[in-house]
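Single-structure report; data block below.
These numbers come from the heavy atoms of this one structure, side chains and all, not from hydrogens, waters or symmetry mates. Note that this is a predicted model, so its numbers are computed, not measured.
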2 protein chains.
Amino acid sequence: MMARASTSVNRRNDIVAAAIEVFAEIGYYRATTAQVAERAAISQPYVYRFFTKESLLVESLSVSWKRIVQAFQVVIDSSAPEELESGLIRAYEGIMQSYRSEILLQMQAQTIPDAPIREAMQQGINEIRDLVGNAFVSAGFEDADKKISDFLARGMLCNAAMAMDMPDLMPKK
Amino acid sequence: MMARASTSVNRRNDIVAAAIEVFAEIGYYRATTAQVAERAAISQPYVYRFFTKESLLVESLSVSWKRIVQAFQVVIDSSAPEELESGLIRAYEGIMQSYRSEILLQMQAQTIPDAPIREAMQQGINEIRDLVGNAFVSAGFEDADKKISDFLARGMLCNAAMAMDMPDLMPKK
DNA sequence: TAATTGTAATTGATCAATCAATAATATAAC
DNA sequence: GTTATATTATTGATTGATCAATTACAATTA
């Protein structure tokens, strides 16, 4: 009776998109696979045709890190040295507005020690650091090491300010 | 039969100390009140004589913020301006070594939107920012606003590096 | 004996994961 | 083109385990 709604590939994407939102809003451990299923408009058992709860988190994190890498790559490929850093900052601010849930999910994952999640986080951060670090070096910045460290630190404070609804934590202008 | 082991006040402290460890290790939502009770060497129902699970988290956060405030106050009260910032950084590093669980708990709480927890976090951070901010101003630093922002950002990166076991994230030196 | 300290037993709810089945589509044969 | 067969998509029902919270009761001390 029910019409077949989608392909398997689309279903995977639907489920991951739903999981990112539900996990971010409710918290990974508090959120249930039934809630993810409801948001994806499928049944709870069908989620398990594609993911376990943990593999769903790992996949969600992978999506979130790819989003940042890709946005930064665009900036790096199209920026003069004097606009590189401000361009990266603007790109990150854009992601925080449009994909807030993905950042909230990364923040949650920071304190989850289970190996697959820990590895996804380490890999994501390392990729960002290498990407931005190399771009700073290529741009001819002398203190690239300090610059990348400051960049990451500012990003972390930015995340915290967003998560806890404390915009005053970020310096104006 | 069993000898009375402690006073009510001591019991509260025992339970909070146990909760900080268990919540940090296992994660607040995954951890059970039975695990907290076991670590505190009491029965699970007896935890509820003092706390609900949520009030236990709020109390744990309060302890963790007081720890930082107190350590920073000592540094501020005893440092010459030229050693103020480095003293604060060393104090924070000491806390991260000796009270790692408290920091991990704060990181978890960053993404928990429930009002009592959110309020405990906002209050804690604001108190730190005011304390350090005033100290920077009193020390005669001109760019106190940027300095406090950088200080907090560095702290956030420090937390993340510790939580994810990525010491390379912090700049050597 | 009255208050305080404590626990065993239980409850009601919740949840990740599985199973057994059905519906829809595609393919092939006639 | 209609029938038979296989494949994919999907769900209802269930399960086994877990957990926060309560209740009813026992031991200890002042």
Side-chain angles (χ1 to χ4, degrees), chain A residues 1-61 105 108-109 112-117, chain B residues 1-61 105 108-109 112-117:
Chain A
M1 244 60 168
M2 219 41 164
R4 189 175 298 199
S6 190
T7 69
S8 153
V9 172
N10 288 337
R11 277 286 176 249
R12 276 188 72 93
N13 293 338
D14 290 350
I15 294 168
V16 171
I20 289 171
E21 288 184 14
V22 170
F23 288 168
E25 286 171 20
I26 302 178
Y28 172 67
Y29 288 119
R30 251 198 310 192
T32 71
T33 55
Q35 289 171 308
V36 173
E38 189 183 6
R39 180 92 46 132
I42 61 171
S43 70
Q44 184 261 348
Y46 199 38
V47 171
Y48 283 84
R49 191 62 46 127
F50 302 91
F51 302 101
T52 64
K53 197 186 180 188
E54 188 183 66
S55 74
L56 194 44
L57 174 56
V58 170
E59 183 63 24
S60 300
L61 290 172
L105 202 55
Q108 288 184 43
I112 299 179
D114 306 54
I117 293 143
Chain B
M1 243 60 165
M2 224 32 169
R4 190 174 297 198
S6 190
T7 69
S8 158
V9 172
N10 289 337
R11 276 288 177 246
R12 276 187 72 93
N13 293 339
D14 291 349
I15 294 169
V16 171
I20 288 170
E21 288 184 17
V22 171
F23 288 167
E25 285 172 20
I26 301 178
Y28 172 67
Y29 288 119
R30 253 199 308 192
T32 71
T33 55
Q35 289 171 309
V36 173
E38 188 184 6
R39 181 91 46 131
I42 61 171
S43 68
Q44 183 259 348
Y46 199 38
V47 172
Y48 283 83
R49 190 64 48 122
F50 302 92
F51 302 101
T52 63
K53 197 185 180 189
E54 189 183 65
S55 74
L56 195 43
L57 174 56
V58 170
E59 183 63 25
S60 300
L61 291 172
L105 202 54
Q108 288 183 42
I112 299 179
D114 304 54
I117 294 144

(message) Testing the basics here: between B:D14 and B:A40, what is the closest heavy-atom pair and its distance to 0.1 Å?
(response) O-CB, 4.0 Å
(request) Please name all residues satisfying side chain to side chain donor-acceptor pair (under 3.5 Å) with A:S55, sequence neighbours left out, ordered by chain then number. (result) A:T52
(request) Measure from NZ or CZ of A:K53 to the centre of the six-membered ring of A:Y29 and say whether it is under 6.0 Å with the direction within 45° of the ring axis. (result) no
[atom1] of [X] to [atom2] of [Y]: how many Å apart, nearest 0.5 Å?
| X | Y | atom1 | atom2 | answer |
| --- | --- | --- | --- | --- |
| A:R12 | A:L56 | CZ | CG | 9.5 Å |
| A:I15 | A:F50 | CD1 | CZ | 5.0 Å |
| A:D114 | A:L57 | CG | CG | 9.0 Å |
| A:I20 | A:L61 | CD1 | CG | 8.5 Å |

(request) Tell me whether the OP1 or OP2 atom of C:dT4 has a side-chain N or O from B:R11 closer than 4.0 Å. (result) no
(request) Specify the residues of residues 16-24 of chain A, ordered by number, for which at least one heavy atom lies under 4.0 angstrom from an atom of DNA chain C. (result) none
(message) If you take any heavy atom closer than 4.0 Å to DNA chain C, which residues from residues 36-43 of chain B end up in contact?
(response) B:I42, B:S43
(request) For B:E25, enumerate each residue passing the salt bridge (Lys or Arg N to Asp or Glu O under 4.0 Å) test, keeping only those at least two apart in sequence or located in another chain. (result) B:R39
(request) Go through the structure and list residues passing salt bridge (Lys or Arg N to Asp or Glu O under 4.0 Å) with A:R49, not counting sequence neighbours. (result) none
Could you go through nucleotides 12-19 of chain C and list every protein N or O atom that sits under 3.5 Å from one of its N or O atoms, giving the distance for each pair?
from, atom 1, to, atom 2, distance (Å)
C:dA16, OP1, A:A31, O, 3.1
C:dA16, OP1, A:K53, NZ, 3.1
C:dA16, OP2, A:T33, N, 2.9
C:dA16, OP2, A:T33, OG1, 3.2
C:dA17, OP2, A:Y48, OH, 2.7
C:dA17, OP2, A:K53, N, 3.3
C:dA17, N7, A:Q44, NE2, 2.8
C:dA17, N6, A:Q44, OE1, 3.0

(message) Please check: side-chain N/O of B:Q108 versus main-chain N/O of B:Y28, any donor-acceptor pairing under 3.5 Å?
(response) yes
(request) Measure from CZ on B:F50 to P on C:dT4 and round the result to the nearest Å. (result) 12 Å
(message) In whole Å, I'd like the distance from the CG atom of B:N10 to the C1' atom of C:dT5.
(response) 13 Å
